[in-house]
Protein chains: 2
Amino acid sequence: MEDSRLASVAAAIAEPARARMLCSLLDGKARTATELAIVGEVSASTASAHLARLKTEQLVSMLTQGRHRYYRLHNHDVASALEALLLISNTPKAPFNPNTPHYLQAARTCYDHMAGSVAVQLHDRLFAMGWLQADAGDASQYVLSEQGQQALSKLGMDLPELAKKRRRFACACLDWSERSPHLGGALGAALLILAKKRGWAEQDLDSRRLQISRAGQNAMKDIFGITI
Amino acid sequence: MEDSRLASVAAAIAEPARARMLCSLLDGKARTATELAIVGEVSASTASAHLARLKTEQLVSMLTQGRHRYYRLHNHDVASALEALLLISNTPKAPFNPNTPHYLQAARTCYDHMAGSVAVQLHDRLFAMGWLQADAGDASQYVLSEQGQQALSKLGMDLPELAKKRRRFACACLDWSERSPHLGGALGAALLILAKKRGWAEQDLDSRRLQISRAGQNAMKDIFGITI
DNA sequence: TTCATATTTCGCTCCGGAGCGAAGTAAGGC
DNA sequence: GCCTTACTTCGCTCCGGAGCGAAATATGAA
């Protein structure tokens with residue numbers, strides 16, 4: 001029984017146009033049906049059918065706003081599953097594939113937080129510096145130390161606001177290019193917002209690429225001791 | 001580019017017969033083409049074609065032994081991706097689905113280690129008892145404390161042998177029914193072997209179900225303080 | 001060697017679903 | 001009200017690939 005559901009979910013991802021749509025949504029943004037038709041390289045009517053299917057399979061959810069219909073990934077689990085599939089897709093027949101653009105590996109977005117080697121380094125440094133630690137009660141969760149709370153507040157993060165959110169506070173999120181975890185959850189998302197606000201990083205509009213500015217490179221070095 | 005690979009991998013999983021085969025291999029065992037034809041509910045010739053496709057997509061690998069050809073999941077990443085897909089497949093339209101058999105949630109195998117609520121409780125107790133702790137250098141890894149090493153050695157685990165293995169020593173593995181981590185890696189696998197050797201658990205031949213014996217229930221209670 | 005079993009290859013049928021454009025519906029802007 | 005834009009529904013074509021059985025190939029057993 002469960003395997004037939006597995007098959008239908010996989011089939012929903014399996015169509016190239018739908019795969020392109022889903023990949024583009026991995027950055028966490030919501031897109032209109034027309035935008036997704038362009039990304040999927042199909043006509044509007046075809047895209048409409050594809051999106052209907054993705055919706056019934058609960059891979060995306062829809063939000064109507066005026067005459068636009070915005071689609072986004074249904075939840076984090078969907079994003080995780082897509083990342084897991086991308087991980088096993090990216091070791092193809094060609095045993096050595098250096099085509100993957102370099103900047104993508106260095107810094108990109110994963111759903112709504114930072115990913116790539118910079119994000120993995122950052123994740124590890126946050127632990128090494130003692131800002132972050134594993135939750136004693138729930139090992140899959142992270143919590144901020146007293147020191148980490150003070151430091152992030154000073155950088156301009158609104159921690160009380162963050163604590164109010166219903167979503168998971170902080171957790172490991174496997175990075176498919178680095179095969180190591182980076183920081184996910186509300187804290188990971190807040191960190192990306194902070195980085196953009198302070199001008200450390202700029203998000204490309206049409207890809208998952210994340211541009212690290214000179215100020216960002218300096219900040220990484222001065223605050224976290226990471227050289228990019 | 002990467003999305004077309006994603007689509008072809010998803011398509012390989014998407015066919016119901018192939019999905020059944022892959023699900024059956026999730027327990028980590030290798031199966032012959034004939035066995036998988038039965039699991040997939042297709043003829044031998046059809047199964048052969050399916051298996052060829054799964055192999056070129058690197059989802060399974062093959063091992064020839066006499067006139068048998070054994071197939072198994074290609075690696076742990078494939079198992080993880082399948083589990084991630086199962087996770088999002090198991091929250092279907094029917095919002096409340098109590099059909100899932102109870103014993104499957106209580107204890108089952110995930111690739112080569114224990115999963116289900118017992119495994120999740122065990123994972124958490126190992127931390128609470130101080131046997132296991134997050135690796136200081138690599139937060140995604142776990143290490144045994146001095147106390148944990150002594151206790152597991154006394155239970156009959158060959159830790160020096162375990163340390164020799166090239167595979168990841170111990171790490172969190174997300175449990176799709178519990179949505180919490182259980183123990184994966186070499187230590188997780190060794191724990192399952194230990195449990196079977198000591199007669200605590202018995203693995204079903206045809207499913208991922210794990211039978212916990214009375215001795216196993218006593219051991220869980222006495223050693224880890226877990227009531228099943 | 002000869003037979004039985006395991007697996008693949010070949011030749012064929014058939015169906016789901018992906019594609020498009022045209023027409024229909026819905027929601028601003030004027 | 002009318003026009004434009006956004007999106008869906010309808011009607012149709014067409015192709016990939018899943019299905020099977022028969023024959024071919026390979027391996028072990030007698």
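Only this structure's heavy atoms are used, side chains among them; waters, hydrogens and symmetry mates stay out. The model shown is predicted, which means the values in this text are computed figures rather than measured ones. Within every chain, numbering begins at 1; the chains are lettered A, B, ... in the order of the sequence lines, protein sequences first and strands thereafter.
Here the C1' atom of nucleotide C:dG17 and the CG atom of A:Leu51 are 16 Å apart, to the nearest Å. Atoms CZ (B:Arg20) and C1' (D:dG19) sit 13 Å apart, rounded to a whole Å. The CE atom of B:Met62 sits 14 Å away from the P atom of D:dA26 (whole-angstrom rounding). The nearest whole Å value for the distance from the OH atom in B:Tyr70 to the P atom in C:dA6 is 11 Å. The separation between A:Lys55 atom NZ and D:dT9 atom C1' is 15 Å, rounded to whole Å. Taking atom NE2 of residue B:His68 and atom C1' of nucleotide C:dT8, one finds them 16 Å apart after rounding to whole Å.
Nearest nucleotide to the side chain of B:Arg53, out of D:dG17, C:dC20, D:dG19: D:dG17. Taking the side chain of B:Arg67 as heavy atoms from C-beta on, and the options C:dA6, C:dG19, C:dT7, the nearest nucleotide is C:dA6. Residue B:Glu15 has its side chain nearest to D:dG19 when only C:dG21, D:dG19, C:dT7 are considered. Among D:dC20, D:dA18, D:dT8, the nucleotide with an atom closest to any side-chain atom of B:Arg18 is D:dA18.
Around the NZ atom of B:Lys196, the shell of radius 6.0 Å holds more than 12 heavy atoms that belong to other residues, nucleotides or ligands.
For B:Gln65 and A:Ala49, each mapped to the nucleotide of DNA chain D holding its nearest heavy atom, the one lying further toward the 5' end belongs to A:Ala49.
Taking the charged nitrogens against the carboxylate oxygens, A:Glu57 and A:Arg18 have no contact shorter than 4.0 Å, which rules out a salt bridge.
Phosphate contact (OP1/OP2 of C:dA27, side-chain N/O of A:Arg69, threshold under 4.0 Å): absent. Put simply, A:Thr46 has a side-chain N or O that comes within less than 4.0 Å of OP1 or OP2 on C:dC20. Look at A:His50 and you'll find a side-chain N or O under 4.0 angstrom from OP1 or OP2 of C:dG19. Considering only side-chain N and O atoms, B:Ser45 lies nowhere under 4.0 angstrom from the phosphate OP1 or OP2 of C:dT8.
In this structure, the ring of B:Tyr71 has its center no less than 6.0 angstrom from the ring center of B:His50.
Heavy atoms of B:Tyr71 sit under 4.0 angstrom from primed sugar atoms or phosphate atoms, though from no base atom. Note on B:Ala33: only backbone sugar-phosphate atoms sit closer than 4.0 angstrom, heavy atoms only; bases stay farther off.
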